[in-house]
Amino acid sequence: MELQGEADIPAPLEEVWNALQDPDVLKECIDGCQEMSRSTTTDYVAKIRAHVGPVRANFSANIRMVDVVELSGYTLEVSATGGAAGFGKGVAHISLQEEESSTKLSYEVSGIVGGKLAQIGSRLINGVTNKMAAQFFEKFVDRWTANE
(Lines give C-alpha, C1' and ligand atoms only; values in the text may rest on other atoms or scores of the structure.)
Protein backbone atom coordinates (compact mmCIF):
# COMPACT_ATOMS: atom_id res chain seq x y z
CA MET A 1 0.00 0.00 0.00
CA GLU A 2 1.37 3.38 -0.98
CA LEU A 3 -0.18 6.80 -0.57
CA GLN A 4 1.00 10.35 -1.03
CA GLY A 5 -0.52 13.79 -1.00
CA GLU A 6 -0.45 17.26 0.39
CA ALA A 7 -2.68 19.68 2.20
CA ASP A 8 -2.65 23.45 2.50
CA ILE A 9 -3.40 24.38 6.09
CA PRO A 10 -4.47 27.98 6.73
CA ALA A 11 -2.29 28.43 9.80
CA PRO A 12 1.29 29.42 10.68
CA LEU A 13 3.96 26.71 10.56
CA GLU A 14 4.60 26.59 14.31
CA GLU A 15 0.89 26.25 15.08
CA VAL A 16 0.54 23.35 12.60
CA TRP A 17 3.69 21.68 13.98
CA ASN A 18 2.32 21.84 17.53
CA ALA A 19 -1.13 20.58 16.51
CA LEU A 20 0.39 17.58 14.70
CA GLN A 21 1.98 16.50 17.97
CA ASP A 22 -0.99 17.09 20.25
CA PRO A 23 -2.70 13.78 21.14
CA ASP A 24 -6.07 15.52 21.64
CA VAL A 25 -5.93 17.10 18.18
CA LEU A 26 -4.88 13.81 16.59
CA LYS A 27 -7.69 11.92 18.34
CA GLU A 28 -10.20 14.49 17.13
CA CYS A 29 -9.01 14.24 13.52
CA ILE A 30 -8.48 10.47 13.13
CA ASP A 31 -11.76 8.83 12.17
CA GLY A 32 -12.67 6.10 14.66
CA CYS A 33 -9.96 7.05 17.17
CA GLN A 34 -11.19 6.24 20.66
CA GLU A 35 -7.98 6.93 22.58
CA MET A 36 -4.72 8.70 21.80
CA SER A 37 -1.99 9.39 24.30
CA ARG A 38 1.67 10.23 24.35
CA SER A 39 3.85 7.74 26.21
CA THR A 40 7.17 9.58 25.63
CA THR A 41 8.17 12.70 23.73
CA THR A 42 8.31 10.65 20.52
CA ASP A 43 5.91 7.76 21.16
CA TYR A 44 2.13 7.56 21.06
CA VAL A 45 -0.39 4.79 21.66
CA ALA A 46 -3.85 4.76 20.12
CA LYS A 47 -7.03 2.70 20.04
CA ILE A 48 -8.89 2.96 16.76
CA ARG A 49 -12.15 1.33 15.70
CA ALA A 50 -12.13 0.78 11.97
CA HIS A 51 -13.82 -1.24 9.29
CA VAL A 52 -12.43 -2.23 5.94
CA GLY A 53 -15.07 -3.88 3.80
CA PRO A 54 -16.57 -6.70 5.87
CA VAL A 55 -13.81 -6.58 8.52
CA ARG A 56 -14.54 -4.52 11.64
CA ALA A 57 -12.07 -4.40 14.48
CA ASN A 58 -10.54 -2.44 17.30
CA PHE A 59 -6.89 -1.75 16.58
CA SER A 60 -4.16 -0.97 19.07
CA ALA A 61 -1.47 1.18 17.49
CA ASN A 62 2.04 2.14 18.54
CA ILE A 63 3.34 5.23 16.78
CA ARG A 64 6.91 6.50 16.95
CA MET A 65 8.30 9.77 15.58
CA VAL A 66 11.83 9.42 14.22
CA ASP A 67 14.16 11.64 12.19
CA VAL A 68 12.48 14.70 13.70
CA VAL A 69 13.59 18.04 12.27
CA GLU A 70 11.92 20.79 14.31
CA LEU A 71 9.32 22.75 12.30
CA SER A 72 10.27 20.87 9.12
CA GLY A 73 9.13 17.26 9.35
CA TYR A 74 9.52 13.76 10.70
CA THR A 75 8.90 10.12 9.97
CA LEU A 76 6.19 8.10 11.69
CA GLU A 77 6.69 4.38 12.25
CA VAL A 78 3.33 2.74 12.93
CA SER A 79 2.49 -0.77 14.09
CA ALA A 80 -1.15 -1.74 14.63
CA THR A 81 -2.81 -4.98 15.66
CA GLY A 82 -6.47 -5.85 15.43
CA GLY A 83 -6.69 -9.37 16.80
CA ALA A 84 -8.22 -11.79 14.30
CA ALA A 85 -8.68 -8.95 11.79
CA GLY A 86 -4.94 -8.78 11.29
CA PHE A 87 -2.22 -6.20 11.55
CA GLY A 88 -0.71 -3.26 9.76
CA LYS A 89 2.74 -1.75 9.68
CA GLY A 90 3.73 1.41 7.95
CA VAL A 91 5.98 4.38 7.59
CA ALA A 92 4.83 7.94 6.90
CA HIS A 93 7.17 10.75 5.91
CA ILE A 94 5.70 14.14 6.86
CA SER A 95 7.18 17.43 5.71
CA LEU A 96 6.04 20.99 6.37
CA GLN A 97 6.79 24.11 4.39
CA GLU A 98 5.80 27.63 5.33
CA GLU A 99 3.85 29.45 2.63
CA GLU A 100 2.79 33.10 2.57
CA SER A 101 -0.40 32.69 4.61
CA SER A 102 -0.50 28.96 5.22
CA THR A 103 1.54 25.82 5.79
CA LYS A 104 1.93 23.14 3.15
CA LEU A 105 2.01 19.62 4.54
CA SER A 106 3.26 16.82 2.28
CA TYR A 107 3.11 13.13 3.12
CA GLU A 108 4.25 9.82 1.69
CA VAL A 109 3.00 6.61 3.27
CA SER A 110 3.91 3.00 2.64
CA GLY A 111 2.67 0.00 4.52
CA ILE A 112 1.67 -3.61 4.62
CA VAL A 113 -1.26 -5.48 6.13
CA GLY A 114 -1.68 -9.10 7.16
CA GLY A 115 -4.40 -11.44 8.39
CA LYS A 116 -7.99 -11.00 7.25
CA LEU A 117 -7.14 -7.51 6.05
CA ALA A 118 -4.68 -8.90 3.52
CA GLN A 119 -7.38 -11.21 2.13
CA ILE A 120 -9.68 -8.29 1.30
CA GLY A 121 -7.56 -7.02 -1.54
CA SER A 122 -5.31 -4.06 -2.13
CA ARG A 123 -7.86 -1.98 -4.11
CA LEU A 124 -10.31 -1.93 -1.23
CA ILE A 125 -7.58 -1.28 1.35
CA ASN A 126 -6.13 1.56 -0.77
CA GLY A 127 -9.61 3.09 -1.11
CA VAL A 128 -10.22 3.00 2.63
CA THR A 129 -6.73 4.38 3.33
CA ASN A 130 -7.24 7.26 0.89
CA LYS A 131 -10.62 8.02 2.45
CA MET A 132 -9.17 8.01 5.99
CA ALA A 133 -6.34 10.36 4.94
CA ALA A 134 -8.78 12.73 3.24
CA GLN A 135 -11.03 12.75 6.32
CA PHE A 136 -8.06 13.41 8.61
CA PHE A 137 -6.92 16.45 6.62
CA GLU A 138 -10.46 17.75 6.20
CA LYS A 139 -10.95 17.68 9.98
CA PHE A 140 -7.45 19.06 10.58
CA VAL A 141 -7.96 22.01 8.20
CA ASP A 142 -11.44 22.61 9.64
CA ARG A 143 -9.80 23.39 12.99
CA TRP A 144 -8.72 26.72 11.47
CA THR A 145 -11.52 27.40 8.98
CA ALA A 146 -14.63 26.47 11.01
CA ASN A 147 -14.82 29.88 12.70
CA GLU A 148 -14.37 31.99 9.58
Side-chain angles (χ1 to χ4, degrees), residues 1-53 55-82 85-114 117 120 122-148:
M1 163 187 71
E2 305 228 352
L3 174 67
Q4 63 183 16
E6 59 185 42
D8 287 316
I9 302 162
L13 176 64
E14 188 170 351
E15 196 173 317
V16 172
W17 175 263
N18 291 333
L20 284 171
Q21 295 177 59
D22 183 330
D24 293 330
V25 171
L26 297 174
K27 178 183 176 192
E28 176 186 312
C29 295
I30 297 171
D31 197 38
C33 188
Q34 298 171 327
E35 296 177 31
M36 173 71 76
S37 62
R38 184 179 242 166
S39 55
T40 71
T41 58
T42 58
D43 295 334
Y44 298 83
V45 292
K47 303 276 187 214
I48 301 169
R49 179 150 182 78
H51 64 273
V52 180
V55 177
R56 295 177 187 269
N58 291 318
F59 290 87
S60 296
N62 293 310
I63 306 158
R64 172 168 279 168
M65 291 174 47
V66 297
D67 302 327
V68 178
V69 178
E70 185 82 17
L71 299 175
S72 181
Y74 50 86
T75 298
L76 293 175
E77 296 175 344
V78 181
S79 176
T81 58
F87 68 90
K89 290 184 179 207
V91 175
H93 302 285
I94 311 296
S95 63
L96 300 173
Q97 183 176 351
E98 192 166 31
E99 303 280 318
E100 244 179 73
S101 60
S102 65
T103 300
K104 182 170 144 182
L105 182 148
S106 300
Y107 60 93
E108 292 180 25
V109 179
S110 63
I112 59 168
V113 295
L117 289 174
I120 291 174
S122 62
R123 285 176 58 194
L124 181 58
I125 290 171
N126 285 341
V128 169
T129 304
N130 283 325
K131 181 181 175 186
M132 287 181 76
Q135 288 173 334
F136 173 85
F137 287 111
E138 182 178 318
K139 289 177 182 179
F140 193 74
V141 169
D142 281 351
R143 293 179 50 74
W144 287 278
T145 60
N147 296 326
E148 290 182 357

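Keep in mind that what you see is a predicted model, and the values were worked out from it rather than measured.
Between the CD atom in Q135 and the CZ atom in F140 there is a gap of 16.0 Å [rounded to 0.5 Å]. To the nearest 0.5 angstrom, L26 atom CG is 11.0 Å from S37 atom OG. If you take NZ on K47 and CD on E35, they are separated by 6.5 Å, rounding to the nearest 0.5 Å. Within the model, atoms CG of D67 and OG of S72 stand 11.5 Å from one another, a figure rounded to the nearest 0.5 Å.
Under a cut-off of 6.0 angstrom, the local environment of CZ in R64 is sparse, with at most 12 non-hydrogen atoms contributed by other residues, nucleotides or ligands. When the shell of 6.0 Å around CZ of R49 is examined, it contains more than 12 heavy atoms from other residues, nucleotides or ligands.
Listed here is the closest heavy atom pair of Y44 and Q21: OH-O, 2.8 Å. Pairing each heavy atom of I63 with each of A46, the nearest pair is CD1-CB, 4.4 Å. When all heavy atoms of V68 and M65 are compared, the pair lying nearest together is CG2-CE, 3.8 Å. Taking every heavy atom of both residues into account, W17 and G73 meet most closely at CZ3-N, 3.6 Å.
Counting heavy atoms from C-beta on, the side chains of Y74 and L20 come closer than 4.5 Å.
Between Y107 and F137, the two ring planes are parallel [angle under 30°; tilted spans 30° to 60°].
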Under 3.5 Å donor-acceptor pairs involving side-chain atoms of residues 85-101, not counting sequence neighbours:
| unit_1 | atom_1 | unit_2 | atom_2 | d |
| --- | --- | --- | --- | --- |
| H93 | ND1 | T75 | OG1 | 3.0 |

Considering only distance and modelled atom types, tabulate donor-acceptor pairs under 3.5 Å from the side chains of residues 2-15, sequence neighbours left out.
| unit_1 | atom_1 | unit_2 | atom_2 | d |
| --- | --- | --- | --- | --- |
| E15 | OE2 | W144 | NE1 | 2.3 |

* Asked: So D31 and K131, salt bridge (charged side-chain N to carboxylate O under 4.0 Å, His left out) or not? Walk me through it.
  -> CA-CA 10 Å; D31 197 38; K131 181 181 175 186; over 6 Å; no
